[in-house]
J.: 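Shown below is the structure under consideration.
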Amino acid sequence: MASAFRQYAKSRKGRFLLTGIPFVCSVIGGSYFLSTFTKSQTDMNDKRTTSKSKRKFDIDEEHKKIVAQLNIDDYQLSRVPRPEETNAGAVSGAGAGGRSRN
């Protein structure tokens, strides 16, 4: 029986038993090992970054707090100066790189 297996393994059809199956098993085993390794690493990172606060976070409650702090009735629109206007030595009409548009 063992000699029949060896003859089949040495033939072209039997090569898959000696090379293909171990390769496929190593790929599947490596994938499983890496997935468990990365899962445990991700779980550790999640434990470190989770909040240890006893109060539950509620987005509506936080929004109400921020809106209460804002004074919507007393605001003034102001213009933000352009980069060309902030530099005193800049040539008027010069764009980026100092080239003028014609």
J.: Please walk me through it: do Tyr32 and Ile28 pass side chain to side chain contact (heavy atoms under 4.5 Å, CB included)?
T.: CA-CA 6 Å; Tyr32 176 75; Ile28 292 172; 5.7 Å; no
J.: With sequence neighbours excluded, what pairs up with Asp58 under the side-chain contact (heavy atoms from CB on, under 4.5 Å) test?
T.: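 If we apply the side-chain contact (heavy atoms from CB on, under 4.5 Å) test to Asp58, skipping adjacent residues, the hits are Asp60, Glu61.
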J.: Tell me, do Thr19 and Phe23 make a side-chain contact under 4.5 Å, heavy atoms counted?
T.: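 They are not in contact (no side-chain heavy atoms under 4.5 Å apart), so the answer is no.
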J.: My understanding is that only residues two or more places apart in sequence, or in another chain, count here; which of them pass side-chain contact (heavy atoms from CB on, under 4.5 Å) with Ile59?
T.: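 side-chain contact (heavy atoms from CB on, under 4.5 Å) list for Ile59, sorted by chain: Phe57.
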J.: Strictly by salt bridge (Lys or Arg N to Asp or Glu O under 4.0 Å), give each pair with a member in residues 21-40 just once, sequence neighbours left out.
T.: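 Output for this query lists Lys39-Asp43.
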J.: Could you list the residues that satisfy side-chain contact (heavy atoms from CB on, under 4.5 Å) with Pro22, not counting sequence neighbours?
T.: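 Listed in chain order: nothing, the list is empty.
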J.: With sequence neighbours left out, what residues match Gln69 under side-chain contact (heavy atoms from CB on, under 4.5 Å)?
T.: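 side-chain contact (heavy atoms from CB on, under 4.5 Å) check on Gln69 returns nothing, list empty.
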J.: Report the hydrophobic cluster partners of Phe33, with the cluster defined as I, L, V, M, F, W, Y residues connected by side-chain heavy atoms closer than 4.5 angstrom, directly or transitively.
T.: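 Its cluster partners, ordered by chain and number, are Leu34.
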